[in-house]
Amino acid sequence: MKKELEKIYNPQVVENKIYQKWEESGAFNPDNLTGEPYSIVMPPPNVTGVLHLGHALENSLMDSMIRFQRLRGKKTLLIPGTDHAAVATQAKVEKILVEKGQAQNPREELGREKLLDEIREFAENSKATILKQIRRMGTSCDWSRLAYTFDDDRSQAVNQVFEKMYNDNLIYRGFKVINWSVKGQSTCSDDELVYIERPAKLYTFKYSKDFPITIATTRPETKLGDTAVAVNPHDPRYQKFIGQIFTAQVGAAKPLEIKIIADEHVDPNFGTGALGVTPAHSAVDFEIFERQKAKNDPIEMIEVIGRDGKMTAQAGPDYQGLGVSQARQKFVHWLKDQNLLEKEEDIIQSVGTSDRFGDVVEALPMVQWFVDVNKKIPHKNKSLKELMREAVSVGHNQDESQKININPKRFEKVYFNWIDDLHDWCISRQIWWGHQIPVWYRDQEIYCGSTAPKGEGWQQDGDTLDTWFSSGLWTFSTLGWPQKSQDLEIFYPTSWIQMGYEILFFWMARMILMSTYTLDTIPFRDVYIHGMLRDEKGQKFSKSLGNSLDPLEIIDKYGCDALRLSLLSGVSPGNDSKFYEEKVESARNFINKLWNISRFVIQTTEKQTPQPSNNLTFADNWIIVELKNLTKETTDHLEKFQFSQAIERLREFTWNEFADWYLEVSKFEDNKPEKDWILKNCLKNLLQLWHPFIPFVTEHIWQQLEEETDLISEKWPETDVSEPTKEAEQLVFNLIKEIIVSIRNLRAENKIDPTKKIKVIFDLKNQTEYFGQDGAKIISDHENLIKKLRTGVSEIEIVSDFKEIKNTVSQTVSGINILIPLEGLLDSEKEKIKIQKEIENLEKYAEGLRKRLANENFTQKAPEKVISQQKESLEKTVADLESLKDNLKKL
RNA sequence: GGGUGAUUAGCUCAGUUGGUUAGAGCACUUCUCUUACAAAGAAGGGGUCAGUGGUUCGAGUCCACUAUCACCCACCA
């Protein structure tokens, strides 16, 4: 009984059902699998909203990899999860509350608990949406191990690591100038700044008429808090002033006492060569302040900007309460009035803004929590920085098997550069949505622990931790740490991870830091860096540009497989790629092609087909050999994470070899069981190879083949080609294949008279190196097949004698002439033109070859294999040319 | 200021140890409704691989410089 499939593949109907079936079968859960462990943790999407195309790309990558490994018989684990995304989520919810008019200032009006409730509700909603979306993308992750950076288990891990670092003195509470977002009323780490360029003015001025040095600044209003002028100690212009103190009345609460100090870091050639030092409102100046303290020559610090972004009382009565830009105008005005302003230049300035709140950050001095990256870890004689570098350069603990490979490799350099100028990491935030810092205070006492110590009056630190602190633990917190879990033992370090280059520092670096420090092992072995998706104009997808695409809409329209295929094709690691709908269309068309191939196979083959005997035709052998090669190459590509190339190869085979050639050839064969077996098995192998990329359609077709298993749990086809086909045989196969195609084409073009007998002649005499003595035999073995092809000729005769050239016209196949008697052809004029053209081409080619062979350098230095190949080529070409010219004369 | 990447067909891009005449998808031209598929099939056009120089018997591939674009980093007062 033969089965019919629907004419068009309809992904909408099957995808959800298949996913449910997979999930229920337990195929996603490694506890049901055996074999070598293979684990991937999913970069947890932020619960700030729904998933976008970038997530679709990530899911496609991860899922293809995990499915590939699962098919290869590994005990595979892909852990799903989400990230509470501290600042990002709170910022988002506050914005929504304000926009909806529910609050003007959410923190003040709602208070900590109520606002947290709002955020929690929002987060839970997006989380639910996100998890649904991940399912729609077909991601085969183990839902029983679902994690969240803010759930109890993960919080436990956070507290544990904090305590460990605290006890190792790697976490400290310090007074420093930090980045402050006025809008968000919180700190940001250096990495959370987004630098934007904007026009600004550079003012050159003196503090007072009798002040001996002019200085330049883009922030005049901060000059109300200046306490020193730093100059280079070797600068002859200013040396004489070093150590002097000048007083200037600029309108601040107290007259400024400016000390002239020497600092090596001042570039004498930059600007006026003198730097006005504002210790409270510049990270650089703060460092000078610290250095002076170390030199026992301290300078003062005056805070003139407050946490509200307004000028403080210390800025003086004229300025107090003004915003910084107002204060700036006023101060510049004053300078002009006093005739102290020397110059005003337009420049382009790069300023840091908060990536989440969007405002220009202020530098303010504050007490915050920091991770010390330079201090030696107890009993290690290494700093966190050194740990981070070692894991990627020579391997953790100098152990080569503990080396992280970043792909593409160039990102290793980027990573090292980043580490080189890494500062201590500010981890405390003044927002509420996040892990509260596990530190307790009572009067002067401090206690670090997840719960309050015994006794009355202990108050927990109100700040929360940077979200990357918890994401940094993700690779092991998801596996059960700090418990001594079995998962940790089996699956750690994880095998592979993928991420975009934009979170290399945020996330990858911190995971490496946390894992090498906490578990004394690397978090993952291979890192695959993917590029960013852009729209067809090359712009980033973003809400503000209005060009963002909803992956679910695309899935609804074209199917999940089409989306996945389009995202993975034509891309190379680390490089951005453009996304547009035509790409998905093309992928959809391919999937439909695969569907139709399957329809054909299912329709034309018998259900029970025996294993073939040795009654195989050339075409059968050919396709089997090619399939083996394909399997090998696909496997190689995937092992090297070359997704795009694997797909390209698969597509080429499926469409050009299998559909356009073998299927066509098979139509003209008798309905014999061997053919059915090959068709079915080729299809099955193809489905297996395609499954990592397009899981739904392959699984659906698999089910239609009435297999008893699910494709997801199948085994990857054998990659070791047990009896490698002899090269000679392959070449003959190739040749015959092309002959068949040529003859069919000739017939299709009505160039062959169907009533005439046709001879196929080709020269085997000079081809012994390629075909061996058996060449002729192999060909005659397959003569039957050729005869059976619907060539429209009554009979084909294969002759291997080149003398039969007379009265023949040639077709070039693989550089070897196939000669077909002229009387068998029609439309000779057309042929003439064709032959002339061919002659031109061949002459050009032969000329190139001759030139190369005439070159002594070439003949002396090139490998013999190459030389003989080229000689061979030339001989063939010359022979072909002659026969072609002969033929042309005859016409 | 430092660093990285890109420049290949009209468009979007592959091309991982340098090796015969540089590939794919889309678009284009011509033909074909041949019962798996018109979301198809057949045939075809289109590229001095950004430029210059170098290494090599041989360079899209390696090196140097130049141009254009993009991105990242930085304590640009």
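Labels below follow one simple rule: chain letters A, B, ... track the order of the sequence lines, proteins then strands, and each chain is numbered from 1.
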Problem set entry | B:rC49 and B:rG41, which share atom name C1', separated by this distance in whole Å | 32 Å
Between the protein and nucleotides 71-73 of chain B, are there any N/O to N/O pairs under 3.5 Å, and if so, what are the atom names and distances?
none

Problem set entry | Residues which pass salt bridge (charged side-chain N to carboxylate O under 4.0 Å, His left out) with A:R651, listed by chain and number, not counting sequence neighbours | none
Problem set entry | Main-chain N/O of A:F693 paired to A:R564 side chain as donor or acceptor, under 3.5 Å | yes
Exercise. Atom CG of A:N232 to atom C1' of B:rA77: distance rounded to whole Å?
Worked result: 14 Å
Exercise. Please give, in whole Å, the distance from B:rG5 P to A:K409 NZ?
Worked result: 13 Å
For this session: Please state the P separation for the pair B:rA59 and B:rU52 - nearest whole angstrom.
Result: 14 Å
Exercise. Within the side chain of A:N179, is there an N or O that forms a donor-acceptor pair under 3.5 Å with the backbone of A:A363?
Worked result: no
Exercise. Touch check for A:A659, heavy atoms < 4.0 angstrom, all strands: base, sugar-phosphate only, or nothing?
Worked result: base
Problem set entry | Pair A:R237 + A:D235, salt bridge at N-O below 4.0 Å | yes
Exercise. Are OP1 or OP2 of B:rG41 and a side-chain N or O of A:W655 less than 4.0 angstrom apart?
Worked result: yes
Filtered N/O pairs between nucleotides 54-56 of chain B and protein, under 3.5 Å:
none

For this session: Answer yes or no: is there a donor N or O on one side and an acceptor on the other, between the side chain of A:T278 and the main chain of A:A280, under 3.5 Å?
Result: no
Problem set entry | Donor-acceptor pair, side chain of A:E192 and main chain of A:S189, under 3.5 angstrom | yes
Problem set entry | First encountered from the 5' end of RNA chain B, between A:Y9 and A:G271 | A:Y9
Exercise. Once you round it to whole Å, what is the distance between C1' of B:rG25 and CD of A:E652?
Worked result: 13 Å
Problem set entry | A:R410, nearest nucleotide to its side chain (from B:rU12, B:rA77, B:rG5) | B:rG5
Please enumerate all protein N or O atoms sitting under 3.5 Å from an N or O of nucleotides 7-9 of chain B, with distances to 0.1 Å.
none

Exercise. Rounded to whole angstroms, how far apart are CG on A:L594 and C1' on B:rA40?
Worked result: 15 Å
Problem set entry | Nearest-0.5 Å distance that lies between atom NZ in A:K540 and atom CG in A:L533 | 12.5 Å
For this session: Would you verify whether the NZ or CZ of A:K223 falls within 45 degrees of the ring axis of A:F331 while also being under 6.0 Å from that six-membered ring's centre?
Result: no
Seminar exercise, completed: Shortest non-hydrogen pair, A:V527 vs A:I529, comes out as CG1-CD1, 3.8 Å
Exercise. Using atom C1' of each nucleotide, how far apart are B:rU34 and B:rG15 to the nearest Å?
Worked result: 36 Å
For this session: If the plane angle is over 60° it's perpendicular, under 30° parallel, otherwise tilted; pick one for A:Y662 and A:F658.
Result: parallel
Exercise. Which of residues 341-353 of chain A have a heavy atom under 4.0 Å from RNA chain B?
Worked result: A:S350
For this session: Report yes or no: does A:E412 contribute a side-chain atom to a donor-acceptor pair with the main-chain N or O of A:I406 at less than 3.5 Å?
Result: yes
Problem set entry | Inter-nucleotide P distance (B:rA14, B:rU8), Å rounded | 11 Å
For this session: Indicate yes or no for a side-chain donor-acceptor contact from A:K385 to the backbone of A:L422 under 3.5 Å, with no hydrogens or angles considered.
Result: yes
For this session: Could you work out which one of B:rG3, B:rG25, B:rC37 sits closest to the side chain of A:K593?
Result: B:rC37
For this session: Could you tell me which non-hydrogen atom of A:S569 sits nearest to which non-hydrogen atom of A:I647, and how far apart they are?
Result: OG-CG2, 4.0 Å
Problem set entry | Value in whole Å for how far the C1' atom of B:rG3 lies from OH of A:Y415 | 18 Å
Exercise. Which is true for A:A283 with a 4.0 Å heavy-atom rule: it touches a base, it touches only sugar-phosphate, or it touches nothing?
Worked result: nothing
For this session: Whenever both distances are under 3.5 Å in a Watson-Crick or G-U wobble pair, mark it; put RNA chain B into dot-bracket that way, with [ ] for crossing pairs and | when the partner is on another strand.
Result: (((((((..((((.....[...)))).(((((.......))))).....(((((..]....))))))))))))....
For this session: Side chain of A:K413 only, please: which of B:rU4, B:rA36, B:rC75 is the nearest?
Result: B:rU4
Exercise. In whole angstroms, how far is the P atom of B:rA24 from the CZ atom of A:F653?
Worked result: 18 Å
Cut-off 3.5 Å, no hydrogens considered: what does the side-chain donor-acceptor table look like for residues 579-592 of chain A, sequence neighbours left out?
residue	atom	partner	partner atom	Å
A:E581	OE2	A:K557	NZ	2.6
A:E581	OE2	A:Y558	OH	2.8
A:K583	NZ	A:K578	O	2.9

Exercise. Quick one: side-chain hydrogen bond (donor to acceptor under 3.5 Å, both in side chains) partners of A:E342, sequence neighbours excluded?
Worked result: none
For this session: Send over the distance from A:L565 CG to B:rA39 C1', rounded to a whole Å.
Result: 14 Å
For this session: Remember a base hit wins even if backbone is also touched, and classify A:I591 as base, sugar-phosphate or nothing at under 4.0 Å, heavy atoms.
Result: nothing
Problem set entry | Whole-angstrom distance between B:rA42 and B:rC26, as gauged at atom P | 12 Å
Exercise. Is the backbone N or O of A:G500 less than 3.5 Å from a side-chain atom of A:H530, with the two atoms forming a donor-acceptor pair by type?
Worked result: yes
Exercise. B:rU32 and B:rA70: how far apart are their P atoms, nearest whole angstrom?
Worked result: 48 Å
For this session: For B:rU7 and B:rC75, measure between their C1' atoms and round to the nearest Å.
Result: 35 Å
Between the protein and nucleotides 13-18 of chain B, list the N/O to N/O atom pairs that are separated by less than 3.5 angstrom.
residue	atom	partner	partner atom	Å
B:rC13	O2'	A:G570	O	2.7
B:rA14	OP1	A:S572	OG	2.6
B:rU16	N3	A:Q642	NE2	2.4
B:rU16	O4	A:Q642	NE2	2.8
B:rU16	O4	A:Q645	NE2	2.4

Exercise. How far does the P atom of B:rG60 sit from the matching atom of B:rG51, given to the nearest Å?
Worked result: 11 Å
Problem set entry | Ion pair A:D636/A:K632, N-O distance below 4.0 Å | yes
Exercise. Which of these passes side-chain contact (heavy atoms from CB on, under 4.5 Å) with A:P279: A:D226, A:V177, A:T227?
Worked result: A:T227
Exercise. Which residues pass the salt bridge (charged side-chain N to carboxylate O under 4.0 Å, His left out) test with A:K206, sequence neighbours left out?
Worked result: none
Problem set entry | Euclidean distance, atom CD of residue A:E581 to atom C1' of B:rA27 [Å, nearest integer] | 17 Å
Seminar exercise, completed: Residue set satisfying side-chain contact (heavy atoms from CB on, under 4.5 Å) with A:K413, at least two apart, ordered chain then number -> none
Seminar exercise, completed: Of the candidates B:rG25, B:rA77, B:rA36, the side chain of A:R651 sits closest to B:rG25
Distance-only criterion, 3.5 Å: show the donor-acceptor pairs between side-chain atoms of residues 260-267 of chain A and protein atoms not counting sequence neighbours.
residue	atom	partner	partner atom	Å
A:D263	OD1	A:H265	N	2.9
A:D263	OD1	A:H265	ND1	3.3
A:D263	OD1	A:R291	NH2	3.3
A:D263	OD2	A:R291	NE	3.1
A:D263	OD2	A:R291	NH2	3.4
A:D267	OD1	A:N269	N	3.0

